[in-house]
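In what follows, a single structure is set out as structure tokens and then discussed.
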Amino acid sequence: MRMSKMFSQTLREAPQAADCKGYEFLLRAGFIRQMGAGIFSLLPLGYRSTSKIENIIREEMDDLDGQEILMPLVNPADIWKETGRYYSIDKEMSRFNDRTGRDMVLAMTHEEDATSLGRSEINSYKKLPQLVYQIQTKWRDDPRPRAGLIRVREFTMKDSYSFDRDQAGLDEQYKKHYASYFRIFSKAGLPVIVVGADSGMMGGKVSHEYMYLSPIGEDTIMTCSECGYTANRQVAQFKKEYFKEEPKEMEKIETPDCKTIEALCKFLNIEQRQTCKAVFMVATFINDKTGEEEEKLVVAQIRGDLDVEESKLQNVLKANSLRPAHEEEITAAGIVPGFGSAIGCSPKAIVIVDDSVAKSNNLVSGANEAGYHLTNTNFKRDYTGKVADIASARDGFKCIDCGHTLTQNKGVEVGNIFQLGTRYSEAMNCYFTDIDGKAKPVVMGSYGIGVGRLLACLAEEYNDERGLSLPISVAPYQVHFVSLMKDQSIGDKIYADLKAAGVDVLYDDRKGSAGVKFADADLIGLPIRITLGNKSYKEGKAEIKLRSNLDESFSYSLDTLVDDVKNEIKKLQDEITANIVVKELD
RNA sequence: CGGGAUGUCGCCUAGCGGCUAUGGCGCCUGCUUUGGGAGCAGGAUAUCGGAGGUUCGAGUCCUCUCAUCCCGACCA
């Protein structure tokens, strides 16, 4: 491609919206342009990169015997009603009516579509296992798009769906994806870690997320450097200390103005772990069949030194959503905010008790009376509720597996794998006849990778003060050929030779000054740069530099230039291949 | 959906009730220049996000509205 004919232009200054490096450079280099909140166009450079990413993904999916398909973006609402997600997913899914008034949706993921295809194509165990995948546009009306391509509303996703005869089959396909994703991210050059995850709206049990660790990430990852335990904070467990004592008699004491745990501890001169904190939430339950909603007040009891992890609480409740309760909702249940507890409030509210509370004794709780607390409260004796782990893991807490210290990091989720089981096949009647003649639900899995998000993460990982420096596997072109010659025909000739040799080359044939060309080359950041100047040309030479190390340059004879460049390309590609790290699921 | 901020040319930006709305980059023309965003000369481009209002007079003040960004809620 000749730069003189390139559609996009580079920007010398970063648009205001660019709040992180990767986003700034993608904009400035002309990879992407914004159309609206969370809506972007990919310009030629950006599209070439995402196409390369997609092809890496294709290679790996095909390697798993995946078959590429394309499912529709617009779905009749019927299939979403069958699984109940038409009702359980809120405004994030966009809905509309077609001209006849039929309910339609924009598919935000394709479990329903895939299951629908599964039930039409798979009828016998002989057809299993199967794996289909697609690379397709998703629309999710996210309430808060952020950080360029990191969190958008319209995006391209690779999603694959596995169909198996039984759990063992699913385990097999899940395991293959687990390893395959490492290959994909390695080939693209993105360092990731895999973490145990919350399956969220997908349902199902086992799931993992692939995280690119970065301060711009929105997820919090807990890791143990000692034993390798990693988990999204939403599900991360940790070793809690319990404080067993002989239960003492409960007593009501006056605690004026002690509306917070801190104030209470200060007033009574006790430690936070000697208190029990009540957190009031409202859970929404949606009936999968009818779409009817029901709200219930939830009292989460947790020890004063810990915090509630809302995702865990929501999972325990099997609620569709969870939000903090309003003051009126709390008082309506006879609870006094600031002095509240589960004591005496059931059955008006669902009580969930963290095991930190259940296994500790003589905690100070609210008395549900303004200005008063109860000392020596004990679970079971003084109140009941469902015991579960609903505590949020924090930096410095103890690893559940080995007891060493957990550290927390921010991460961006670039891929996920879910064991769906039979949640969708049962709901949508996707059954096959097994060898024993019995109809059984197909056991499914679903696996996603955000293509644009992957590019955004790569841009974040590979940049310096001058611009991008993407790995050769995903850079829009392999080579940037900068000609500084007055005589265009010389550059044209070399460009033609490079192209003829199959080199993926961007040729700066513009009339501009050297500075502009170098600055643009730095910004776009193609991995290999050839510079042809008057001086070197007279000596029959051209200069080659790597974007990853601009300080070093190599002089090559023009006679062998094409082969030398091909060698450099191969070296960089081999480097990536050599650095493929694959982790297997045990 | 709550809190905050910002909308002036393709991008960045000046303006703080008063004349024809700054300047830089980019763009166009010509000449010069050609190894790190070069110089000179000339040129084009803005219904100041939109609607209403206050005022003799509004980019500037007020009201509403729209859009975008940030924090939170939320989220793969």
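Throughout, protein chains are lettered first and strands after them, A, B, ... in sequence-line order, and every chain is numbered starting at 1. Note that these values count all heavy atoms, side chains included, but never hydrogens, waters or copies made by symmetry.
- Closest to the side chain of A:N416, out of B:A76, B:G37, B:G36, is B:A76.
- The distance from atom CD of A:Q34 to atom P of B:C69 is 5 Å, rounded to the nearest whole Å.
- Spacing between B:A5 and B:C9 at atom C1', rounded to whole Å, works out to 23 Å.
- A:G533 comes within 4.0 angstrom of a base, heavy atoms only.
- In this structure, A:V412 reaches neither bases nor backbone, as no heavy-atom distance under 4.0 Å exists between it and the strands shown.
- In this structure, A:L550 and A:Y23 both approach RNA chain B, and ranking their closest nucleotides by distance from the 5' end singles out A:L550.
- The separation of B:C61 from B:G43, taken at their C1' atoms, amounts to 37 Å, rounded to a whole angstrom.
- Pairing for B:U22 is absent, judged as Watson-Crick or G-U wobble with the two contacts each under 3.5 Å.
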Using the rule given for side chain to side chain donor-acceptor pair (under 3.5 Å), can you reason through A:S392 versus A:D307, listing the C-alpha separation, both sets of side-chain angles and the distance that settles it, and then say yes or no? CA-CA 5 Å; A:S392 188; A:D307 290 302; over 6 Å; no

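- Look at CD on A:Q234: it is 10 Å from P on B:C74, rounded to the nearest Å.
- Checking A:V505, A:I528, A:L45 one by one against A:Y477, the side-chain contact (heavy atoms from CB on, under 4.5 Å) holds for a single residue, A:L45.
- The CZ-P distance, from A:R233 to B:C74, rounds to 13 Å in whole Å.
- When heavy atoms are screened at a 4.0 angstrom cut-off, A:A147 is found touching the sugar-phosphate backbone but no base atom.
- B:C27 and B:C64 have their P atoms separated by 43 Å, given to the nearest Å.
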Next on the checklist: Set out, in order, the CA-CA distance, both residues' side-chain angles and the distance that settles side chain to side chain donor-acceptor pair (under 3.5 Å) for A:Q488 and A:D509, then state yes or no.
Outcome noted: CA-CA 7 Å; A:Q488 271 229 340; A:D509 61 335; 4.6 Å; no

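- Contact of A:S513 with B:G35 (side chain to base): no donor-acceptor pair of N or O atoms is detected under 3.5 Å.
- The local environment of OH in A:Y47 is sparse, with at most 12 non-hydrogen atoms from other residues, nucleotides or ligands closer than 6.0 Å.
- Not counting sequence neighbours, A:R95 has no partner by the salt bridge (charged side-chain N to carboxylate O under 4.0 Å, His left out) test.
- With sequence neighbours excluded, the residues satisfying ring pair (Phe, Tyr, Trp, His ring centres under 6.0 Å) with A:F182 are A:Y178, A:Y210.
- Where A:M281 and A:R146 each meet RNA chain B at their nearest nucleotide, the meeting point lying more 5' is that of A:R146.
- Nucleic acid contact class of A:P15 (heavy atoms, under 4.0 Å, all strands): sugar-phosphate only.
- Rounded to whole angstrom, the span from the CD atom of A:E218 across to the C1' atom of B:A76 amounts to 10 Å.
- With distances taken from any side-chain atom of A:Q9 to the nucleotides B:G10, B:A73, B:G24, the minimum falls on B:G10.
- Here A:D520 lies in heavy-atom contact (under 4.0 Å) with a base.
- As judged by a 4.0 angstrom heavy-atom cut-off over every strand, A:R466 is placed among the base-contacting residues.
- Separating the CD1 atom of A:I150 from the C1' atom of B:C69 is a distance of 16 Å, rounded to the nearest angstrom.
- Residue contacts shown for A:R453 include a base, since a base heavy atom lies under 4.0 Å away.
- Closest to the side chain of A:R151, from the set B:C74, B:A76, B:A38, is B:C74.
- Rounded to a whole angstrom, the distance from the C1' atom of B:G39 to that of B:G57 is 44 Å.
- Atom-to-atom, CG of A:D219 to C1' of B:C74 comes out at 12 Å; the value is rounded to the nearest Å.
- Side-chain atoms of A:R144 stay outside donor-acceptor range of the base of B:C70, with no qualifying N/O pair under 3.5 Å.
- Atom name P, nucleotides B:C25 and B:C69: the rounded distance is 29 Å, in whole Å.
- Residue contacts shown for A:G512 include a base, since a base heavy atom lies under 4.0 Å away.
- Here B:C69 is the nucleotide among B:C69, B:G36, B:C12 with the atom lying nearest to any side-chain atom of A:A37.
- A:N416 and A:E413 share a side-chain donor-acceptor pair at under 3.5 Å.
- Across all strands shown, A:Q314 has no heavy atoms under 4.0 Å from either base or sugar-phosphate atoms.
- In this structure, B:C61 and B:G53 make a Watson-Crick or G-U wobble pair, each of the two defining distances being under 3.5 angstrom.
- Under the Watson-Crick or G-U wobble criterion, with both distances below 3.5 Å, B:U8 is paired with B:G15.
- Proximity of A:R33 to the phosphate of B:C11: no side-chain N or O atom is located under 4.0 Å from OP1 or OP2.
- Across B:A51 and B:G15, the matching P atoms stand 25 Å from one another, rounded to whole Å.
- Put simply, A:F155 rests on the base of B:A76: the two rings are less than 5.5 Å apart at their centres and nearly parallel, under 30°.
- Applying the Watson-Crick and G-U wobble criteria (two distances, each under 3.5 Å), B:G72 pairs with B:C1.
- Using N1 to N3 plus N6-O4 or O6-N4 for Watson-Crick, or N1-O2 and O6-N3 for G-U wobble, each under 3.5 Å, B:C48 pairs with nothing.
- Checking B:A73, B:C12, B:C25 against the side-chain heavy atoms of A:R12 singles out B:C25 as nearest.
- Distances were taken from every side-chain heavy atom of A:P143 (C-beta onward) to each of B:A38, B:A73, B:U34; the shortest belongs to B:A73.
- No side-chain N or O of A:D497 forms a donor-acceptor pair with one of A:Y495 less than 3.5 Å apart.
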task: Start with the C-alpha gap between A:M104 and A:N75, add the side-chain angles, then the distance that decides, and say whether side-chain contact (heavy atoms from CB on, under 4.5 Å) holds.
output: CA-CA 6 Å; A:M104 310 295 280; A:N75 283 190; over 6 Å; no

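- Summarising the base pairing, B:G30 is matched to B:C40 through a Watson-Crick or G-U wobble pair whose two defining distances lie under 3.5 Å.
- Distances were taken from every side-chain heavy atom of A:E13 (C-beta onward) to each of B:C75, B:G35, B:G24; the shortest belongs to B:G24.
- Rounded to whole Å, atom P of B:G36 lies 12 Å from atom CD of A:E543.
- Residue contacts for A:A514: at a heavy-atom cut-off of 4.0 Å it reaches the sugar-phosphate backbone alone, with no base atom in range.
- At whole-Å resolution of the value, CD in A:E465 and C1' in B:G36 are 14 Å apart.
- If you take atom P in B:G30 and the same atom in B:C66, they sit 48 Å apart, rounded to whole Å.
- The base of B:G35 lies outside donor-acceptor range of the side chain of A:N534, with no N or O pair under 3.5 Å.
- A distance of about 16 Å separates the C1' atoms of B:G17 and B:G53, rounded to the whole Å.
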